[in-house]
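Right, one structure below, let's go through it.
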Amino acid sequence: MIKVSRPGEGLDVPEGENGTEMRLNGVEGSPAGPLTPGGGGTFGSTPSEKRTAANTIETELEPNTNKAAGGAKESTTAAATTFGGWETSSGLKKVAEAWEQQVRVLMGRLGAEKSSLRGASGLFTQNDQHTGDGLRALGTKSKLDGL
């Protein structure tokens, strides 16, 4: 939401103020972003939470999605065979092809999310180590010590 008001445009502006106000991404009177009321007050997740989410994708979502997709494919193929020679059969085959494509996209997305979750905590750790190494290279003595 963007709210802009100027004096002289029919809006009541308190005396002494310029009358311009801007607020992005929120509702007037409440903070925006991760500090929104009702939120946890934190933004992000711990490395263990990322590992848990990646493991859930690997051990639950991917296998269950494959199982559900396989069952749907078998049922659709059986129905298409049963209606052989009818327009319904060709329609079911087209639906099955579209379904298979959607499942491939979904499985790719799940795999990408799993990889991202596993890689993110490593990137943060490497960044912290690199920053620490850079600070240690500066030495422990401050230029302000002699003042």
Could you tell me the separation between the [atom1] atom of [X] and the [atom2] atom of [Y], rounded to the nearest 0.5 Å?
| X | Y | atom1 | atom2 | result |
| --- | --- | --- | --- | --- |
| R109 | T65 | CZ | OG1 | 13.0 Å |
| E97 | T76 | CD | OG1 | 11.5 Å |
| L106 | L110 | CG | CG | 4.5 Å |

Do L92 and V103 belong to the same hydrophobic cluster, where Ile, Leu, Val, Met, Phe, Trp and Tyr are linked whenever their side-chain heavy atoms lie under 4.5 Å apart, directly or via other members?
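No; tracing contacts between hydrophobic side chains, which count when under 4.5 Å, never links both residues.
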
Starting from L61, can I reach W99 by hopping between I/L/V/M/F/W/Y residues whose side chains sit under 4.5 Å apart?
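W99 clusters together with L61.
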
Trace of the side-chain contact (heavy atoms from CB on, under 4.5 Å) decision for S90 with E87:
CA-CA 5 Å; S90 63; E87 289 295 318; 3.8 Å; yes

Might you point out which heavy atoms bring E62 and K114 nearest each other, and give the distance in Å?
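Smallest heavy-atom distance, with atoms named: OE1-NZ, 3.1 Å.
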
For the residue pair A54 and L117, what are the closest heavy atoms and their distance?
N-CD1, 3.8 Å

Is any side-chain heavy atom of S89 less than 4.5 Å from a side-chain heavy atom of K93?
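Of all side-chain heavy-atom pairs linking K93 with S89, at least one is under 4.5 Å.
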
What I'd like to find out is whether the side chain of N55 reaches to under 4.5 Å of the side chain of R118, using heavy atoms alone.
yes

Side chain to side chain contact (heavy atoms under 4.5 Å, CB included) against E60, all qualifying residues, sequence neighbours excluded:
T56, N64

